[in-house]
Amino acid sequence: MILPYSFYSRNDVVLIAREMIGKVLVSRFDGKTTSGVIYETEAYNGIVDKASHAFGGRRSPRTEIMYRDGGTAYVYLCYGVHSLFNVVTNKEDIPHAVLVRAVRPLDNMKLMLERAGKSRFEKKTGDGPGKVSALLGIHYSHTGMSLLCIPSNLKHDGIWIEDREIIVPDHAIAALPRIGVQYAGKDAKLPYRFRTELL
DNA sequence: CATAGGATCGCCT
DNA sequence: GGCGATCCTATGT
């Protein structure tokens, strides 16, 4: 089942980030589908979250995407090198987002290896938000795409997330501080990162 | 217009 | 554990 608007539009971004563990991130570009099982995410809790790009209600051409309705892709360039993929959650004008930090490669390993410039898979191949985008072919120019409009035409591009009923028990999901947000002061310590070692 | 810095990665030691 | 790559974005003049 493709995750519907009702999954993304809820107001608890931390819960959504936790529930995204075990879901399958899918992309289709040039008619070629690739996917991976999500095993690490981070929640960014809108205008009250110092670690969020939208902290304090800041708006800019880049962060404007975060104020869109739930189910929109927010992809931005980090360190001039890496595209980082997030899903916007909640309703329009509430800039919540979930960063996908790691996936276990699933469909079309060959193409994903090629994209990552690797010759074989290792445990860490999809571990890291920059690597997630590299494997799936997601680029910062894809920011603003809807994850709810699934292309029926196989030649059409699209990104979406599926529930393939992969069960990850609650006790197997660790809640940890987020990575790389030391500038966020007190908010840097919030347990908004979710990760499982089961997948 | 100029500038500093970033929700990272891979390679080096 | 340290560092350079690399370029967009935000901010300030």
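Naming convention: chains lettered A, B, ... in sequence-line order (proteins, then strands); numbering from 1 in each chain. Everything numeric in this text was worked out from a predicted model, so none of it was measured. In what follows, every heavy atom counts, from backbone to side chain, and hydrogens, waters and symmetry copies are set aside.
Looking at heavy atoms from C-beta onward, Ser35(A) lies in side-chain contact with Arg164(A) at the 4.5 angstrom threshold. Glu19(A) places none of its side-chain heavy atoms less than 4.5 Å from the side chain of Phe194(A).
Across the P atoms, dG1(C) and dA7(B) are found 22 Å apart, a figure rounded to whole Å. Taking atom P on both nucleotides, dA2(B) is separated from dT6(C) by 22 Å, rounded to a whole Å.
For the ring pair (Phe, Tyr, Trp, His ring centres under 6.0 Å) with His53(A), the lone residue among Tyr183(A), Tyr44(A), Tyr76(A) that qualifies is Tyr76(A).
Using a 4.0 Å cutoff to heavy atoms of chain A, the contacted part of DNA chain B runs 5' to 3' from dG6(B) to dG10(B).
Between Arg28(A) and Asp107(A), no side-chain nitrogen of the basic residue sits less than 4.0 Å from a carboxylate oxygen of the acidic one, so the salt-bridge criterion is not met. With respect to Lys124(A) and Glu122(A), no salt bridge is recorded, no charged nitrogen being found less than 4.0 Å from a carboxylate O.
Side-chain atoms of Arg115(A) never come within 3.5 Å of backbone atoms of Ala134(A) as a donor-acceptor pair (strictly under, hydrogens ignored). With Asp187(A) contributing its side chain and Lys50(A) its backbone, the two residues share a donor-acceptor pair below 3.5 Å.
Checked against a 6.0 Å centroid threshold, the rings of His142(A) and Phe29(A) count as neighbours.
With a 6.0 Å cutoff to the six-membered ring centre and a 45° limit on the axis angle, Arg104(A) counts as a cation-pi contact of Tyr39(A).
In this structure, the separation between CZ on Arg101(A) and CG on Asn86(A) is 10.5 Å, given to the nearest 0.5 Å.
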Give the dot-bracket string for DNA chain C, reading 5' to 3', where a pair is Watson-Crick or G-U wobble with both distances under 3.5 Å, ( ) marks pairs inside the strand, [ ] marks pairs crossing earlier ones, | marks a partner on another strand, and . marks unpaired. |||||.||||||.
A correct 5'-to-3' footprint of nucleotides 1-13 of chain C, with B, S and - meaning base, sugar-phosphate only and no protein heavy atom under 4.0 Å, is -----BBSSSS--
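Where Gln182(A) and Lys118(A) meet DNA chain B, the nucleotide closest to each residue was compared, and Gln182(A) sits on the side nearer the 5' end.
Across all strands shown, Leu84(A) has heavy atoms under 4.0 Å from sugar-phosphate atoms exclusively, and none from any base.
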